[in-house]
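One structure below.
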Amino acid sequence: MPKKVDHEARRREIAEALQRIAGTRGLDGVSLRDVAAEADISLGRLQHYFRTKDEMLLFALRHINALAERRIRERIGALPASPGHEPPPRAVLRECLVGMLPLDEKSRVGALVGAAYFARAIHDERLRTEAREGIPQLAALFTELLRNAQERGELPAGRALDPRTEAMLLISLVDGLTAYTLLGVHTGEEALERLDAHLERIFGSSD
């Protein structure tokens, strides 16, 4: 009997080869042939799974995002909470935002792949549509967390805040912090400090 090939597993292996390249020498000018060599397969075999670099980048980005989401969910699950109650919205929001920053090798490589994909998406409507797809869902989650914090009285008294606007500002903040971390304008630790400073402006001191 011929050996059954797990095609999804093979696609993940190729995506991981792409991530290794991103982590060591970036993705500028990287070809399908380069990734095939890193994955130790023939170019023809790679093209059986991905016809173009854009298809490969998209799959790698989705794979990285899925892993990041799993890590964030695990961090949220580990947050302290009273019996029968969910963790405070501020704590959940912070874990989500921290999970989006390139603070370790895995998240840094993910950010590099994302940057390469987004750079190509600027000039390609199909890729641009895909790149925008997750933003409304993320904004909706952050909006709900901020609205929940308002309802629970966890914002400073008299603080006027539009949850939908603030949600988009938080996404924009993390995107900017990510870009500047990758560029070396500041360190990951400094990015985290600036994120916490902004959360303190919203929620007040956590002390």
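None of these values were measured; they are calculated from a predicted model.
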Restricting to salt bridge (charged side-chain N to carboxylate O under 4.0 Å, His left out), what partner residues turn up for [X], sequence neighbours left out?
X      : value
Arg62  : Glu130
Arg51  : Glu55
Arg152 : Glu154
Asp124 : none

Heavy-atom side-chain proximity of [X] to [Y] below 4.5 angstrom:
X      : Y      : answer
Glu69  : Asn65  : no
Glu166 : Ile202 : yes
Leu170 : Leu93  : yes
Val98  : Arg75  : yes
Leu127 : Leu58  : no

Tracing side-chain links under 4.5 Å among I, L, V, M, F, W and Y, which residues wind up in one group with Val185?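 Answer for Val185: Tyr180, Leu183.
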ILVMFWY clustering at 4.5 Å (side-chain atoms), partners of Leu169: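 Besides Leu169, the hydrophobic cluster comprises nothing; the residue is isolated.
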Begin from the C-alpha positions of Arg10 and His48 and carry the test side chain to side chain contact (heavy atoms under 4.5 Å, CB included) through to its verdict. CA-CA 11 Å; Arg10 187 61 57 82; His48 176 72; over 6 Å; no
Looking at residues at least two apart in the chain, or sitting in another chain, which of them share a side-chain hydrogen bond (donor to acceptor under 3.5 Å, both in side chains) with Arg25? none
Any residue meeting side-chain hydrogen bond (donor to acceptor under 3.5 Å, both in side chains) with Thr178, in chain and number order, not counting sequence neighbours: none
If you apply the rule side chain to side chain contact (heavy atoms under 4.5 Å, CB included), what do you find for Thr181 with Arg108, and how did you get there? CA-CA 9 Å; Thr181 302; Arg108 189 184 76 85; over 6 Å; no
Who passes ring pair (Phe, Tyr, Trp, His ring centres under 6.0 Å) against Phe203, sequence neighbours left out? none
Taking only residues two or more places apart in sequence or in another chain, which ones pass ring pair (Phe, Tyr, Trp, His ring centres under 6.0 Å) with Tyr117?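 Ring pair (Phe, Tyr, Trp, His ring centres under 6.0 Å) check on Tyr117 returns nothing, list empty.
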Below 3.5 Å, can you tabulate the donor-acceptor pairs from side chains in residues 131-150 to any protein atom, sequence neighbours excluded?
unit_1, atom_1, unit_2, atom_2, d
Thr143, OG1, Ala139, O, 2.7
Gln150, NE2, Leu161, O, 2.9

Does Arg71 come within less than 4.0 Å of Glu74, counting only side-chain N to carboxylate O? no
Without placing hydrogens or testing angles, list every side-chain donor-acceptor pair under 3.5 Å for residues 34-41, not counting sequence neighbours.
unit_1, atom_1, unit_2, atom_2, d
Asp34, OD2, Ser31, N, 2.9
Asp34, OD2, Ser31, OG, 3.1
Glu38, OE2, Arg20, NE, 2.8

Short question: side chain of His7, backbone of Tyr49 - any donor-acceptor pair under 3.5 Å?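 Not confirmed, His7 side chain does not pair with Tyr49 backbone.
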With side chain to side chain contact (heavy atoms under 4.5 Å, CB included) as the criterion, how do His198 and Leu173 come out once you've worked through the C-alpha distance, each side chain's angles and the decisive distance to 0.1 Å? CA-CA 9 Å; His198 186 72; Leu173 172 65; 3.7 Å; yes
Within the supplied structure, the quantity of interest is the number of heavy atoms (other residues, nucleotides, ligands) at a distance under 6.0 Å from Lys53 NZ; does it exceed 12?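 Yes, because the 6.0 Å sphere around NZ of Lys53 holds more than 12 heavy atoms from other groups.
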Quick check on the hydrophobic clustering: are Leu32 and Val113 connected, directly or via other members, by side-chain heavy-atom contacts under 4.5 Å? yes
So how far is it from Arg90 CZ to Leu79 CG, rounded to the nearest 0.5 Å? 13.0 Å
Measuring from atom CZ of Arg120 to atom CG of Asp54, what distance do you get when rounded to the nearest 0.5 angstrom?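 One gets 4.0 Å once the value is rounded to the nearest 0.5 Å.
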